[in-house]
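Every chain is numbered from 1 and lettered A, B, ... according to where its sequence line falls, protein lines coming before strand lines.
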Protein chains: 2
Amino acid sequence: MHALDDGISRWRRVADAIRADIASGVIAQQLPPEVELAERHGVNRHTVRRAIAALSTEGLLRAERGRGTFVNAQPPRVIYPIGERVRFRENMMKQSIEPSGRLIGAERVAADARQAALLNISVGAPLHRLERLAVVDGMPMSRSTSLFSVERFPDIISAYAETGSITQALQKSGVSDYRRRETRITAERVSPHDAELLQCAADAIVLISNAVDVDMEDKPVQSVRTRFLADRFELSFKPDVD
Amino acid sequence: MHALDDGISRWRRVADAIRADIASGVIAQQLPPEVELAERHGVNRHTVRRAIAALSTEGLLRAERGRGTFVNAQPPRVIYPIGERVRFRENMMKQSIEPSGRLIGAERVAADARQAALLNISVGAPLHRLERLAVVDGMPMSRSTSLFSVERFPDIISAYAETGSITQALQKSGVSDYRRRETRITAERVSPHDAELLQCAADAIVLISNAVDVDMEDKPVQSVRTRFLADRFELSFKPDVD
DNA sequence: ATTAGTTGTCTACACAAATAGACAAATAGG
DNA sequence: CCTATTTGTCTATTTGTGTAGACAACTAAT
């Protein structure tokens with residue numbers, strides 16, 4: 001007897017509720033006993049057990065027979081500033097995080113109407129599409145798709161492959177500095193392909209940032225779409241701090 | 001025999017995939033026939049039918065016997081600017097949208113450590129908690145929880161109830177103007193309670209904005225946590241535009 | 001040693017989800 | 001009118017989910 005037939009199993013919703021309770025601090029170190037959780041969520045004890053099993057394989061919980069079920073210490077969410085100056089490496093190192101970008105693909109595509117408008121080029125013009133994966137401590141954190149005009153930046157791919165940094169690759173291509181013009185943020189369920197790349201659950205949530213970088217003459221440099229895993233990131237916007 | 005046992009039913013995943021294909025433009029006006037969709041997603045035709053049924057009651061699709069299944073025109077995502085000046089009413093009216101805020105609850109609570117730090121008051125100090133629902137054309141768009149110091153703003157609740165605007169309520173309380181100090185954004189699955197208030201699917205995704213507003217002397221005025229439905233909103237950050 | 005409280009495992013049953021096949025009903029094009 | 005294509009409906013079967021109860025295994029405290 002389901003309240004809402006939304007195609008999500010009962011144990012999964014219990015698991016999500018427990019995860020939310022942990023995130024919000026309602027549950028701290030130790031979970032209530034299974035029978036109590038079952039009552040609280042209005043399900044059978046076995047359903048709770050399945051939820052706990054899922055969260056255990058996720059690494060969030062640890063059950064000990066006779067003692068109880070405990071919450072494993074979790075790494076804090078990485079705070080990612082969005083502002084004019086977006087430099088992935090700099091931002092991470094301020095939080096004592098040693099990042100590494102990984103090139104996972106590059107190809108040439110033709111600009112569609114939307115991309116052409118963003119980059120201020122003509123429809124059908126050739127673009128470099130650069131796929132990157134940001135990794136921290138061996139854990140994938142985000143995936144980015146960058147678009148560059150082939151005409152303006154013919155060698156951007158090899159420059160990035162050499163330096164491992166967009167900032168440095170752009171400097172090699174004659175762009176001494178750049179800034180972010182606009183960032184648009186939304187959220188979706190992760191796509192199956194991204195779930196594999198980011199090594200996350202198939203139903204994880206990603207924050208999606210669509211942005212355009214411009215050089216000091218306000219000419220578009222790159223259009224970049226980044227998917228951040230929502231449970232590993234928090235985007236921060238501070239007006240006053242540069 | 002499921003590929004990944006993540007507690008999400010097969011028809012739901014097909015429905016999500018179709019929704020994503022429509023959002024990304026892979027599917028434009030008309031859906032492929034059910035048998036073809038079944039093949040493509042590796043499921044039975046009846047499973048596809050169930051997915052289509054769900055998307056139809058959602059209003060996204062419209063099936064016509066003998067002809068095919070078609071995509072209904074969708075309202076574009078509302079673009080919500082995040083910056084120093086955040087005025088819900090102003091922002092909406094620039095997009096020719098007539099908004100209305102609805103007071104759905106108010107109570108007094110004691111500040112916990114995090115809230116106290118944000119608002120620069122002592123732990124345990126009394127707070128007004130103001131729950132609002134933003135509605136556009138009868139459709140719920142977002143839910144906000146605002147926190148105000150009772151000591152500094154004793155009558156903020158009644159002032160909001162009268163004016164229906166935070167900006168005006170603050171003016172009545174002696175704050176002529178204010179600005180946003182910091183906004184932090186993440187995303188989560190909607191909570192059951194919010195799903196009811198926002199009239200959305202139980203597994204919808206919400207963008208969560210945690211922000212602090214300060215007056216012209218940089219003294220904290222309110223701490224506000226807003227949940228935007230991710231499929232109805234896009235948050236936009238432009239550094240240069242005020 | 002005993003007891004209360006907890007997690008782990010087992011069997012059984014009712015019901016929903018997914019698959020499979022067949023055919024009806026409507027549409028569009030020759 | 002006839003045919004191919006498409007959505008709608010029906011029955012049947014298999015697999016998965018959730019419930020129910022009982023008991024074992026382990027822990028901590030008395």
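Here salt bridge (charged side-chain N to carboxylate O under 4.0 Å, His left out) pairs that include residues 29-38 of chain A, with residues two or more places apart or in two chains, are Glu34(A)-Arg45(A), Glu34(A)-Arg49(A), Glu36(A)-Arg40(A). For residues 62-72 of chain B, the set of pairs meeting the salt bridge (charged side-chain N to carboxylate O under 4.0 Å, His left out) definition, not counting sequence neighbours, comprises Arg62(B)-Glu64(B), Glu64(B)-Arg67(B). Listed by first then second residue, pairs satisfying side-chain hydrogen bond (donor to acceptor under 3.5 Å, both in side chains) with a partner in residues 101-115 of chain A read Glu107(A)-Arg129(A), not counting sequence neighbours.
The nearest whole Å value for the distance from the CZ atom in Arg10(A) to the C1' atom in dC15(C) is 13 Å. The nearest whole Å value for the distance from the CD atom in Glu64(B) to the C1' atom in dT7(D) is 10 Å. The CZ atom of Arg13(B) sits 13 Å away from the C1' atom of dG16(D) (whole-angstrom rounding). Rounded to an integer number of Å, the gap from Glu34(B) CD to dA18(C) P is 16 Å. Following rounding to the nearest Å, Arg62(A) (CZ) and dG8(C) (C1') show an atom-to-atom distance of 17 Å. One can place CD of Gln30(B) at 12 Å from C1' of dA28(C), the figure rounded to the nearest angstrom. Atom pair Trp11(B):CH2 and dA18(C):P shows a separation of 8 Å (rounding to whole Å applied). Counting to the nearest Å, the P atom of dA16(C) and the CD1 atom of Ile8(A) are 18 Å from each other.
Where Gly42(A) and Pro33(B) each meet DNA chain D at their nearest nucleotide, the meeting point lying more 5' is that of Pro33(B).
For the OP1/OP2 pair of dT17(D) and a distance below 4.0 Å, the side-chain nitrogens and oxygens of Thr47(A) include no atom meeting the criterion. For dA16(C), the OP1/OP2 oxygens have no side-chain nitrogen or oxygen of Ser9(B) closer than 4.0 Å.
Within 4.0 Å of Val35(A), counting heavy atoms only, lies no atom of the nucleic acid at all.
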What one-letter contact string describes nucleotides 21-30 of chain D from 5' to 3', where B marks a base within less than 4.0 Å of any protein heavy atom, S marks contact via sugar-phosphate atoms alone, and - marks no contact? BB--BBSS--
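You'll find the side chain of Ile52(A) reaches within 4.5 Å of the side chain of Val48(A), heavy atoms only. Between Leu31(A) and Leu37(A) there is a side-chain heavy-atom pair separated by less than 4.5 Å. Side-chain atoms of Ile208(A) and Glu188(A), non-hydrogen and from C-beta on, do get closer than 4.5 Å to each other. For the pair Ile27(A)/Pro32(A), a side-chain contact is recorded, criterion being any heavy-atom separation below 4.5 Å from C-beta on.
Counting only N and O atoms by type, the side chains of Ser144(B) and Glu131(B) include no donor and acceptor under 3.5 Å apart. For the 3.5 Å distance criterion, the side chains of Arg227(A) and Thr145(A) qualify, holding a donor opposite an acceptor.
Within a 6.0 Å radius of CD in Glu196(A), no more than 12 heavy atoms belonging to other residues, nucleotides or ligands are found.
Asp16(A) has a carboxylate O that lies under 4.0 Å from a charged side-chain N of Arg19(A), or vice versa, which qualifies the two as a salt bridge. Using a 4.0 Å cut-off between charged nitrogen and carboxylate oxygen, Asp6(A) and Arg12(A) do not count as a salt-bridge pair.
Using five terminal pairs a side, the axes of the helix from dA1(C)-dT30(D) to dG30(C)-dC1(D) at its two ends make an angle of 30°, given in steps of 10 degrees.
Contacts with DNA chain D (heavy atom under 4.0 Å) in residues 48-57 of chain A: Arg50(A), listed by number.
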